[in-house]
Protein chains: 2
Amino acid sequence: MAVTIKDVAKVARVSPSTVSRVIADNPRISEETKKRVREAMIELGYHPNFQARSLAVKSTQSIGIIMPNSATKVLENPFFPEVLRGISQVAREDRYGIYLSTGATQEEIFEEVVQMVQGRRVDGIILLYSKTNDTVMNYLLEEDFPFTVIGRPYNNAERITHVDNDNIYATKQVTKYLIDKGHKRITFIGLNPEVVFTIDRMEGYKQALKEAGIPFNEQLVVQESSLKEGGVEVAKEFLLANEPSTALVVTDDFVAIELMSYAESLNIRVPEDISIISFNNIMLTNHMRPPLTSVDIDIFQLGLEAASCLIEKIKNPTILPKRLTIPATMIERKSCASLK
Amino acid sequence: MAVTIKDVAKVARVSPSTVSRVIADNPRISEETKKRVREAMIELGYHPNFQARSLAVKSTQSIGIIMPNSATKVLENPFFPEVLRGISQVAREDRYGIYLSTGATQEEIFEEVVQMVQGRRVDGIILLYSKTNDTVMNYLLEEDFPFTVIGRPYNNAERITHVDNDNIYATKQVTKYLIDKGHKRITFIGLNPEVVFTIDRMEGYKQALKEAGIPFNEQLVVQESSLKEGGVEVAKEFLLANEPSTALVVTDDFVAIELMSYAESLNIRVPEDISIISFNNIMLTNHMRPPLTSVDIDIFQLGLEAASCLIEKIKNPTILPKRLTIPATMIERKSCASLK
DNA sequence: CTGAAAGCGCTTACAG
DNA sequence: CTGAAAGCGCTTACAG
């Protein structure tokens, strides 16, 4: 079997306690015996058993990443690999392991979180999404377990450390950009209204309209899901509607790209017939014809900050909750036309 | 503190052993006491401590994923999220957790693997890459630790369960496709020659040339790294060379896409002036102008099979090693022209 | 400076 | 059908 602390102790002719102290580099151990113990460790090829250590010290040196759906589904959207990149950078620096959720349904995900928390599988958790009435978030809050979230918590935001863009402001700017180009009939396409950033972005959209004196029109708000579930037909119908909008604000590049290809097949020209602006600035946007104007929300930084806030919190649980706002900047390309 | 098996035992008026048996749903426990214990568990909100269980039974129900470089770098290439998607699908079904490597250097990665193995942090490992003389692979083999690899192990392939495409064959077909279109001066662009799939693909490329009676020309093999390190300048120089090739076989879509945009800036037309064919068939390829002909290597399936082979092996360590070959198919688009 | 002992929270032969 | 005991491999007060 694997070599344990006892084997090392025997060879080094000390007690297991001493070996343990050498591992921790305890200053009270003489250099002499340290040397002896270390030699024994090398000689035997000793490596500490991680499980045993975790059990004894109640810490695992790893963080759990919770995604809004199964990794299988979620990783299709480049947002998630990108946010993982940011997280893994600080995990690596601080020598934390990364533990990924795989659950698909609300219940599976909740079960996974409970297992991570109660089973002491991780020291802290990063929630990669925020939605209204999230049982996971409530649970974590109740348990007082270290966690941070990417996005704005719908409730208790002041008690939860989170990192987010200023989605209201960013969307307001973007909508204003379209209005300044002479657009009046602007459609907003968001995810379902449980997703907090959809709520915030819609708010920004509304504010821009209001400031410009354009009445808000319920008809011009559409849910991505209605487009998707309806399939290509509904999406095309939408593009062909009697009184089509002249511009689209879309909360996700992927949806915008899909729409662009439908438009192309219907001979609706972007941007001449319809202007499009969306969010995330994934690499693809730059390669579309025309290149897609998109808001760079700095996903990498979102992940990086969420991870470093979490580790900070793990190391010092009494630290105050905070909100970090990552700047978002519109990358202007060729998908928006002026009506003037 | 967290509620333990002892607390449950007390409330249910049984011994901790019995509680443990109820958790395992041991048939020797009467239904009556099972009920009583379960009620106590619910009443107290009991959840088993995962670390303790792992320590006792020497199994962690999680698998480690080893990437060829830091996640921060690696996840830029869509190959990796895609392979993770496949892995996570079977992990979810079989209720395994996923543990991600974050190391960047050869040494860091090796250290992580040793920790996973010796520290009993995971039950098995998937190597997401294969290169010649890989210390990690040798170590895993020596330790007789359950692992599978995506790609062909350069040594000991018959002793290691792995899943791969038939890279030789696929590249031979693709090169032949170009030859059939009248190309004779075809450049092969691969990763560095430590990467086994580069070796295999180059072999396929050579075989196709040989069959067509085209002499192999050392000059027409270039390493991606030389292009990248040299920067834009070298890449452009390459495209402008005196006697440029008329076609490129590129082992990675990303490199091909980069090259395409350089070509565009140099007014070299694809496919009129130069034909390009590459590997992975990432989503971007379909959106390029022109759309890029690419080999679909079914990354998702690669991940899925690697994971299910691994779990099979974990459950039954004496199972024989095997090789799975995932079909690769060329997706013909518009990036190759006929010279005839 | 070092050791013996108790404990982290489980599991599992052994005994009855 | 159930319990007492030993053990998984560490850590850490306590004592000297």
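Just so it is clear, the structure is predicted and the values come from calculations on it, not from any experiment. Numbers restart at 1 for each chain; the letters A, B, ... are given by sequence-line order, proteins then strands.
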Novice: Rounded off to whole Å, could you give me the CG-to-C1' distance for the A:N49 and D:dT11 pair?
Specialist: 13 Å
Novice: Nearest-Å distance, CZ (A:F50) to C1' (D:dC8)?
Specialist: 15 Å
Novice: How far apart are the closest heavy atoms of A:A71 and A:S101, and which atoms are they?
Specialist: CB-O, 4.1 Å
Novice: Nearest-Å distance, NZ (A:K10) to P (D:dG9)?
Specialist: 12 Å
Novice: Answer yes or no: does a side-chain N or O of B:K58 lie under 4.0 Å from OP1 or OP2 of C:dT11?
Specialist: no
Novice: Salt bridge check, B:E108 against A:R92: does any charged N sit closer than 4.0 Å to a carboxylate O?
Specialist: yes
Novice: Quick test of your reading of the model: are A:D25 and A:R38 salt-bridged, counting only N-O distances below 4.0 Å?
Specialist: yes
Novice: Which heavy atom in A:A307 sits nearest to a heavy atom in A:V90, and how many Å separate them?
Specialist: CB-CG2, 3.5 Å
Novice: Within this structure, what is the CZ-to-P distance between B:R120 and D:dG9, rounded to whole angstrom?
Specialist: 9 Å
Novice: Nucleotides 2-5 of chain D: which of its N/O atoms have a protein N/O under 3.5 Å away?
Specialist:
residue	atom	partner	partner atom	Å
D:dT2	OP2	B:S30	N	3.1
D:dT2	OP2	B:T33	OG1	3.0
D:dG3	OP2	B:S15	N	3.0
D:dG3	OP2	B:S15	OG	3.2
D:dG3	OP2	B:T18	OG1	2.5
D:dG3	N7	B:R21	NH1	3.2
D:dG3	O6	B:R21	NH2	2.5
D:dA4	N7	B:S17	OG	3.2
D:dA4	N6	B:S17	OG	3.0

Novice: Does this structure show an ion pair linking A:K35 with A:E32, if we count only N-O contacts that are shorter than 4.0 Å?
Specialist: no
Novice: Salt bridge or not between A:E111 and B:R95? Use side-chain N to carboxylate O under 4.0 Å.
Specialist: no
Novice: In whole Å, what is the span from the CD atom of B:Q51 to the C1' atom of C:dC10?
Specialist: 11 Å
Novice: If every non-hydrogen atom of B:L100 is compared with every non-hydrogen atom of B:E112, which pair is closest and at what distance?
Specialist: O-OE2, 4.4 Å
Novice: My validator wants the stems of DNA chain C: runs of 3 or more consecutive Watson-Crick or G-U pairs, both distances under 3.5 Å, written as range with range.
Specialist: C:1-3 with D:14-16, C:5-12 with D:5-12, C:14-16 with D:1-3
Novice: What do the steps show when you test A:R36 against A:E31 for salt bridge (charged side-chain N to carboxylate O under 4.0 Å, His left out), and what is the final call?
Specialist: CA-CA 9 Å; A:R36 196 143 42 88; A:E31 279 308 319; over 6 Å; no
Novice: Considering heavy-atom distances to DNA chain D, does B:E31 or A:R53 have its closest nucleotide positioned more toward the 5' end?
Specialist: B:E31
Novice: Roughly, in whole Å, what's the span from CD in A:Q118 to P in C:dC10?
Specialist: 10 Å
Novice: Determine, for B:K34 against B:E39, whether the closest basic-nitrogen to carboxylate-oxygen distance falls under 4.0 angstrom.
Specialist: no
Novice: Expressed in angstrom and rounded to an integer, what is the separation of A:K35 atom NZ from C:dC1 atom C1'?
Specialist: 17 Å
Novice: Over all strands shown, is B:T4 touching base, sugar-phosphate only, or nothing at heavy-atom distances under 4.0 angstrom?
Specialist: sugar-phosphate
Novice: Find the distance A:I5:CD1 to D:dT11:C1' and express it as a whole number of Å.
Specialist: 8 Å
